[in-house]
Amino acid sequence: MKQQKFFGIILVICVLVTLTGCASATTFDGSRVKNADSYQLDIKTMNCTDTHTLELGQGDTIKIQFETVKGNLSMKIMAPDETALYQGYGTVKEFTMEAPMDGAYPIVVVGQKAKGSIHIDVERVPEAVESEETQEPEETQEPESVTLTADD
């Protein structure tokens with residue numbers, strides 16, 4: 001009977017240790033910024049998946065700085081048509097990409113005992129400005145005629 005209790009206690013302890021290990025396996029320690037024009041991760045420790053979606057217009061430029069210092073850190077950037085624009089591991093990389101079409105660009109980052117950084121900034125294509133020829137001409141005023149006399 002004592003042997004069964006002892007075995008039961010050991011089994012409960014093993015289950016608790018396993019569950020605690022699972023909880024700590026999905027951790028992120030660092031800073032994270034997600035907005036319409038950037039996605040920034042400065043990672044002290046990452047054991048999880050993080051995602052962000054950028055809405056881009058055709059021709060917008062994405063500037064990427066991606067560095068893995070420790071562990072495994074991978075990133076995938078998808079186009080709206082679900083083709084992979086970039087997929088890789090950051091080993092001190094700095095590069096730019098141009099959005100081939102308008103739409104949502106999902107970014108998926110996976111870290112396993114990872115330390116590093118990912119900085120993505122968007123440079124928008126300026127809105128088209130109407131050319132001067134297509135704009136309405138301003139009303140032109142004819143100059144007043146002035147007559148000068150010798151007395152003036």
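Positions are given from 1 along the sequence. Please read these numbers as outputs of a predicted model, since none were measured by experiment. In what follows, every heavy atom counts, from backbone to side chain, and hydrogens, waters and symmetry copies are set aside.
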Can you tell me how far [atom2] of [Y] sits from [atom1] of [X], rounded to the nearest 0.5 angstrom?
X	Y	atom1	atom2	value
Thr83	Ile77	OG1	CD1	11.5 Å
Thr45	Phe28	OG1	CZ	9.5 Å
His52	Ile118	NE2	CD1	12.5 Å
Tyr39	Ile107	OH	CD1	7.0 Å
Ser74	Gln112	OG	CD	7.5 Å
Lys76	Thr51	NZ	OG1	13.5 Å

*Can you list the residues that meet the ring-ring contact (aromatic ring centres under 6.0 Å, His included) rule with Tyr86, with sequence neighbours excluded?*
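If we apply the ring-ring contact (aromatic ring centres under 6.0 Å, His included) test to Tyr86, skipping adjacent residues, the hits are Phe95.
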*Note: Asp42-Arg32 ion pair, threshold 4.0 Å (strictly below)*: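 The answer is no: the pair does not qualify as a salt bridge.
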*Are Glu123 and Lys63 within salt-bridge range, i.e. N to O under 4.0 Å?*
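So Glu123 pairs with Lys63 through a salt bridge.
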*Taking all non-hydrogen atoms of both residues, which atom of Leu41 and which atom of His119 are closest, and how far apart?*
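Between these two residues, the closest heavy atoms are O-CD2, 3.9 Å.
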_Heavy-atom closest pair, residues Ala84 and Met78_ =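 Smallest interatomic distance, heavy atoms only, reads CA-SD, 3.8 Å.
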How about [X] and [Y]: do any of their side-chain heavy atoms sit closer than 4.5 Å?
X	Y	answer
Leu85	Tyr105	yes
Ile120	Met75	yes
Val109	Met46	yes
Met97	Ile64	yes
Met101	Asp81	yes

*Using atom types as modelled and distance alone, determine if a side-chain donor or acceptor of Asp29 lies under 3.5 Å from a backbone N or O of Lys44.*
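Pair absent, no side-chain N/O of Asp29 close to backbone of Lys44.
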*Not counting sequence neighbours, which residues clear salt bridge (charged side-chain N to carboxylate O under 4.0 Å, His left out) with Asp121? List them please.*
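With neighbours one apart ignored, the set is empty.
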*Yes or no on side-chain contact (heavy atoms from CB on, under 4.5 Å) for Gln58 and Val125, after CA distance, side-chain angles and deciding distance?*
CA-CA 8 Å; Gln58 181 177 2; Val125 173; over 6 Å; no
*Does a sphere of radius 6.0 Å around NZ in Lys115 hold more than 12 heavy atoms from other residues, nucleotides or ligands, not counting ones at 6.0 Å or beyond?*
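Counting other residues, nucleotides and ligands, NZ of Lys115 stays at 12 neighbours or fewer.
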*Verdict with supporting geometry, Glu98 and Thr96, side-chain contact (heavy atoms from CB on, under 4.5 Å)*: CA-CA 7 Å; Glu98 190 172 294; Thr96 60; over 6 Å; no
_Pair Leu73-Glu67, side-chain contact (heavy atoms from CB on, under 4.5 Å): steps then yes or no_ = CA-CA 8 Å; Leu73 187 61; Glu67 179 181 10; over 6 Å; no
